[in-house]
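One structure below.
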Amino acid sequence: MNYRLRYFASLADVAGCGEETIVSDAHTPRALYPELATRHGFRMAMDRLRVAVNGALVDWEHALADNDEIVFLPPVSGG
Amino acid sequence: MNYRLRYFASLADVAGCGEETIVSDAHTPRALYPELATRHGFRMAMDRLRVAVNGALVDWEHALADNDEIVFLPPVSGG
Amino acid sequence: MMRFRLSDIAIDGAAERRALAADAAGACVVFEGWVRDHNDGRSVQRLDYQAYAELANNEGERIIAEAISKFEVTDARCIHRIGNLVIGDIAIWVGVAAAHRGSAFDACRWIVDEVKLRVPIWKNEHYADGDSGWLHPDGKAVAEY
Amino acid sequence: MMRFRLSDIAIDGAAERRALAADAAGACVVFEGWVRDHNDGRSVQRLDYQAYAELANNEGERIIAEAISKFEVTDARCIHRIGNLVIGDIAIWVGVAAAHRGSAFDACRWIVDEVKLRVPIWKNEHYADGDSGWLHPDGKAVAEY
């Protein structure tokens, strides 16, 4: 399936881009993140991240659909 | 002795003035207040008041001096 | 120090806040007390504040100094209105700057509480029914003077 | 509702505060987070905030709505800066109006805490020594990504 990925903060720095479209057989965020970590060299452990799909927070077993926009969120530091 | 009295809030309303100079033999605020209460008809009990002499809070047994400025403070309601 | 003062004109919160600015401060907490249209179930139209100015200034400065030594704050200020106020006017402005937000919140709240408790300022509320009265809030009836 | 928003220009605290005014409100508590010149023992020169805007707006509005239902307040607003900030700039502005001061203080503090915890905004600090880095404060080392 096609997924649109957006990256923020240190993940964007490591990926070297703010967004990309990828093709993957992963059907959940839990399966997808290791693929991206390998591809970009992310060293941030999954238990430090939250995940959002199409602008809403979801759990790691959320069933992904074709063309979903997916964001892995590192710990936030606003305020 | 001569004392300068200043009145605020409900005590000023009841006294009908904001300040006055009186002659009294009272040597402490504790002795002075009942005289003023009789003179002006103050009904506020002494245990509701604080007392200041020359701009500083004092206790009820404070020794008054000639020409002191004395203020009996009703419970405050600022803020 | 003039970190506490009485004002007989409208309080300019923006100017007061600017006076707190400091490069080491990361948090600023401001409390504004506004004249509201009701109190204790009665409809309020306007009010007057009267102060025993000499003692109010001394006691106000003392409270600010106590707050600065008691909490980890870089600065604090308080301005209290006197005179005639209408609904929506700022009656009291308290601002605190600190490195961190916890102490800014704590100190600001503490100053407001202490000013209400200790500083010789009195409020005369004018009600919609034409009645009015000085508030002497120590749990006894207002009229009992 | 637009009671939460991101801003890429300087926050106008006075305008935000006016938007909270209400005749029934007697207390207004404002928190401002200022960019300070140090963090964790390091000298800070400037910083950038980046946000995942769609989710930040949703989560921010949710926090304000939760605060209004959780505390006795008449209104609440929050504005968070994005982009490049220098020392002294307002990074976050939170304002709450309420009939009474206790709930205004509680709600304001709660909103600041929740925004820092939940809203997807990230801070990149630029240090005096030329180093910089995104902060991911969950107790793990900053660089561990």
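Sequence lines set the chain letters: A, B, ... in the order given, protein chains first and strands last, and positions in each chain run from 1.
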Quiz item: So, are C/Lys70 and C/Glu66 salt-bridged, with charged N and O less than 4.0 Å apart?
Solution: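 Result for this pair is no, no salt bridge flagged.
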Interface moiety of [X] toward chain B, non-hydrogen atoms closer than 4.5 Å:
| X | value |
| --- | --- |
| C/Ala56 | neither |
| C/Asn58 | side chain |
| C/Val119 | backbone |
| C/Ile121 | both |
| C/Ile82 | neither |

Exercise. State, to 0.1 Å, how close C/Ile64 and C/Ala76 come at their nearest heavy-atom pair, and which atoms those are.
Key: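 Closest approach of C/Ile64 to C/Ala76: CG2-O, 3.5 Å.
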Quiz item: Of all of C/Pro120, C/Cys78, C/Gly33, C/Ala91, which one pairs up most often with chain B through heavy atoms under 4.5 Å apart?
Solution: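 Max contact count across the listed options: C/Pro120.
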Practice problem: Decide whether C/Glu54 and C/Tyr52 meet the rule of one side-chain donor and one side-chain acceptor closer than 3.5 Å. | Solution: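 There is no such pair between these side chains.
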Practice problem: Kindly check if the number of other-residue, nucleotide or ligand heavy atoms within 6.0 Å of CD (C/Glu72) is above 12? | Solution: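 It does not: C/Glu72 CD has 12 such atoms or fewer within range.
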Exercise. Answer with side chain, backbone, both or neither: which region of B/Ala56 has an atom nearer than 4.5 Å to a non-hydrogen atom of chain C?
Key: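 Contact with chain C involves the backbone of B/Ala56 alone.
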Quiz item: Where does B/Ala52 contact chain C at under 4.5 Å (heavy atoms): side chain, backbone, both or neither?
Solution: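 Looking at B/Ala52, just its side chain touches chain C.
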Exercise. Measure from the ring center of C/His80 to the ring center of C/Phe4 and say whether it is less than 6.0 Å.
Key: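 C/His80 vs C/Phe4: aromatic centres not under 6.0 Å.
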Quiz item: Could C/Arg81 and C/Tyr49 be counted as a cation-pi pair, given that NZ or CZ must be under 6.0 Å from the ring centre and within 45° of the axis?
Solution: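 No, cation not above the ring by the 6.0 Å, 45° rule.
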